[in-house]
Participant: 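Got a structure here, written out as structure tokens. Questions coming.
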Amino acid sequence: MAIGEVASDLVTISLKLVTLKNIGLLCLAYLICKAVSQIVYYRFIHPLKQFPGPFWASVTRIWYAWHNAAENEIRTSWELVKKHGKVVRLTPTLLLVSSAEYLPLIYHRTSVKSKFYITGSFGETESVFNMQPHAAHAYHRKLIAGPYSFSKISKTEPLVDIQIAAWIKKLDDQFAQTGQPFNFASWAIYVAYDIISEVGFGKALGFIEKGEDVGGLIAAFHTGMPIAGFMARLYPLTEWVKSTWVGKYLVASPEQDFGIGILMQWRDKLVDGRKREMEEGKSTHRVDLLQAFLDARTADGEPLDLDYVRAEVLLILLAGSDTTGTAFGAVVTYILGSPAVYERMINEIDSAAASGLLSSPIPRYTEVSEHCPFFVACVKESIRLCPSAPIALPRVVEHGQPPLIIEGKVIPVGTEVGCNPWIVHRDPAIYGPDAEQFRPERWLDEGNAKLFDRCNLAFGYGSRGCLGKDLAMMELLKTPLVFFRTFKPTYCKPSKEMPGPPKPTVKGGIAIWNDIWITIERRKVGLKV
Ligand code: HEM
């Protein structure tokens, strides 16, 4: 047979082999080889193989993303910590550390956020929250931190009071006077939204007035968070998808009529409205956060890029409302769940008020901190047990930083390390053997309280800690206090329409209270509305 004929036969045979079925089989074989090599590498060769954790967690991020989507990430992580100790491997590259003693080492001054934060779920332009490199974050944080300082935020206290008074009046009219039950979980977010929009943008969005989820913003956030959580946990996939044409559908934008897109539309209305006012010379008297961002200048005297201002404004809407509402929900639920705590708290508030130590109708933040130590302890204990952002907050171990040594082991460069506030706040070495119980008294010992404050991760830690903490604490010490002083709440008997008992779920990375169904009656003391 001539060489030409052999070649032609070979081509014919080859072409016969190129069938759809064979191409499929080849792809399958490739995927199996890739999966097997990934499993072998991460489980038996990778430097993190020495750390304990479930098999699937050590070889694929899908395990972690799956548990987040199934809303059982915390319980699962907690059980692993109880089983394995202070360090657990949650993904091929992520270690969860449960011991508070390591917080300063992991969250040091120049720590770098991991790609967990790249999701694009909050839009194309990053705010200080998403920025990963230390230098970029430090530069931008310096530009915008001024208006969040305690001295500036304490000037907004009268604005907070206006919203608290409006909220109490609405609750009185709609529920105390009528005896109608209501879901406190929703109303807690309503007041938080109106406070943050008043302080942040100079006008409450109207949640209290309308008594509803204005523009569906709360629902939009709750829908968007599980997607954000999934994308954060599967970030290599997210990064790749973002580089393809599908990316534009993945990254949140105001063109989208769902999820975070809806919040962006509102954000743009606020920013554009303010820009118009400025052009018309109307907004010179404004002192809110938005105006501070628009007036801020870089070292070269340039205004901040408008897209960046938009990103920071969106962050205020996202970070400053639901989180605070969740904390209100926690305070009320934990206090109502313990009659002895309720009695002690209400007696303290009543006697402080009777002694003239609390201004009327709404006490000042400083008065509450000084004269109601047990109530303050209740708030701190509630946030300890139910932090609003119960996620691992991962940082990357980088070259050029001091070596990170945990439990005697050097953590390899490139590893993601994080602590989940929900878990760290239950560290028995700090809080004792009853760490899982709601016991506000533990904060009354001054030495303990200082230690607990140092180990608190509810507002993040160190140079990347929450900029809105002072505002949030002001809201948290005032709003539930006025609520309890004015009304006596009682849980409703659980039914199909009013399920109970109340419990938090975690969507993406945010704790959300569901079904705090109560009735309220007016007490003889409290805010007259
Ligand atoms: C109870 C209420 C709040 C809680 C529990 C909370 C929690 C947190 C946490 C845990 C972080 C750090 C996240 C990380 O390390 O990745 C953070 C960052 C941040 N929060 Fe809050 N937050 C609350 C309220 C607020 C409010 C009211 C505002 C705005 C007025 C705000 C603005 C911010 C900002 C701007 C950052 C980013 C800081 C940075 O990276 O430099 N937060 N918050």
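Keep in mind it's a predicted model, so treat the numbers as computed, not measured. Whatever order the structure lists ligands and atoms in, that order sets their numbers, starting from 1.
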Participant: Would you mind listing which atoms of ligand 1 come within a distance below 4.0 Å of any non-hydrogen atom of S388?
Facilitator: 5 (C)
Participant: Just to confirm my output: which protein heavy-atom neighbour is closest to atom 11 (C) of ligand 1, and how far is it?
Facilitator: F459 O, 4.0 Å
Participant: For the pair W78 and W422, name the ring-plane relationship: parallel under 30°, tilted 30 to 60°, perpendicular over 60°.
Facilitator: perpendicular
Participant: At a 4.0 Å cut-off, with the gap strictly under it, does some heavy atom of Y461 reach an atom of ligand 1?
Facilitator: no
Participant: Distance to 0.1 Å, residue and atom name: give those for the protein heavy atom nearest to atom 24 (C) of ligand 1.
Facilitator: A319 O, 3.4 Å
Participant: For the SG atom of C419 and the OH atom of Y461, what is their distance to the nearest 0.5 Å?
Facilitator: 9.5 Å
Participant: May I ask you to identify the nearest protein heavy atom to atom 19 (C) of ligand 1, giving residue, atom name and distance to one decimal place in Å?
Facilitator: C466 CA, 3.6 Å
Participant: What's the shortest distance from atom 26 (C) of ligand 1 to any protein heavy atom, and which residue and atom give it?
Facilitator: G320 CA, 3.4 Å
Participant: With a cut-off of 4.0 Å, which atoms of ligand 1 are near a heavy atom of L393?
Facilitator: 13 (C), 14 (C), 15 (O), 16 (O)
Participant: Does any N/O atom on R395 come nearer than 3.5 Å to any N/O atom on ligand 1?
Facilitator: yes
Participant: May I ask you to decide if the ring planes of F129 and Y117 are parallel, tilted or perpendicular, using 30° and 60° as cut-offs?
Facilitator: perpendicular
Participant: Looking only at protein heavy atoms, identify the closest one to atom 30 (C) of ligand 1 and say how far it is in Å.
Facilitator: I196 CD1, 3.4 Å
Participant: Taking the ring centre of each residue, are H425 and F452 less than 6.0 Å apart?
Facilitator: no
Participant: So how far is it from K203 NZ to L290 CG, rounded to the nearest 0.5 Å?
Facilitator: 14.5 Å
Participant: Does ligand 1 have a heavy atom under 4.0 Å from the side chain of L315, from its backbone, from both, or from neither?
Facilitator: side chain
Participant: Tell me, with the steps shown, if W187 and F328 meet ring pair (Phe, Tyr, Trp, His ring centres under 6.0 Å).
Facilitator: CA-CA 10 Å; W187 284 83; F328 290 157; over 10 Å; no
Participant: Can you figure out which of Y107, F328, Y148 has its heavy atom closest to atom 29 (C) of ligand 1?
Facilitator: Y148
Participant: Which residue supplies the protein heavy atom nearest to atom 12 (C) of ligand 1, what is that atom called, and how far is it?
Facilitator: R464 O, 3.8 Å
Participant: N/O of R141 under 3.5 Å from N/O of ligand 1, yes or no?
Facilitator: yes
Participant: So, does G465 sit close enough to ligand 1 that a heavy atom of it is under 4.0 Å from the ligand?
Facilitator: yes
Participant: Specify whether Y64 and F116 have parallel, tilted or perpendicular ring planes, treating 30° as the upper limit for parallel and 60° as the lower limit for perpendicular.
Facilitator: tilted
Participant: Non-hydrogen atoms of H137 versus ligand 1: any pair closer than 4.0 Å?
Facilitator: yes
Participant: Does an N or O from Y117, backbone or side chain, lie closer than 3.5 Å to an N or O of ligand 1?
Facilitator: yes
Participant: Looking at atom 32 (C) of ligand 1, what's its closest protein heavy atom, distance included?
Facilitator: G468 N, 3.7 Å
Participant: Does the ring centre of W517 sit less than 6.0 Å away from the ring centre of F184?
Facilitator: no
Participant: Looking only at protein heavy atoms, which one is nearest to atom 7 (C) of ligand 1, and how far off is it?
Facilitator: A458 O, 3.4 Å
Participant: For D288, is there an ion pair with R274 - N to carboxylate O distance below 4.0 angstrom?
Facilitator: yes
Participant: Taking atom CG as the centre, does L159 end up with more than 12 heavy-atom neighbours from other residues, nucleotides or ligands that are less than 6.0 angstrom away?
Facilitator: yes
Participant: What do you reckon, is CZ of R297 surrounded by more than 12 foreign heavy atoms closer than 6.0 Å?
Facilitator: yes
Participant: I need the contact type for T324 against ligand 1. Using non-hydrogen atoms and a strict under-4.0 Å cut-off, is it side chain, backbone, both or neither?
Facilitator: both
Participant: So is K113 polar-close to ligand 1, meaning N/O to N/O under 3.5 Å?
Facilitator: yes
Participant: Apply the side chain to side chain contact (heavy atoms under 4.5 Å, CB included) test between L393 and each candidate in N420, L457, V417; give the one that qualifies.
Facilitator: L457
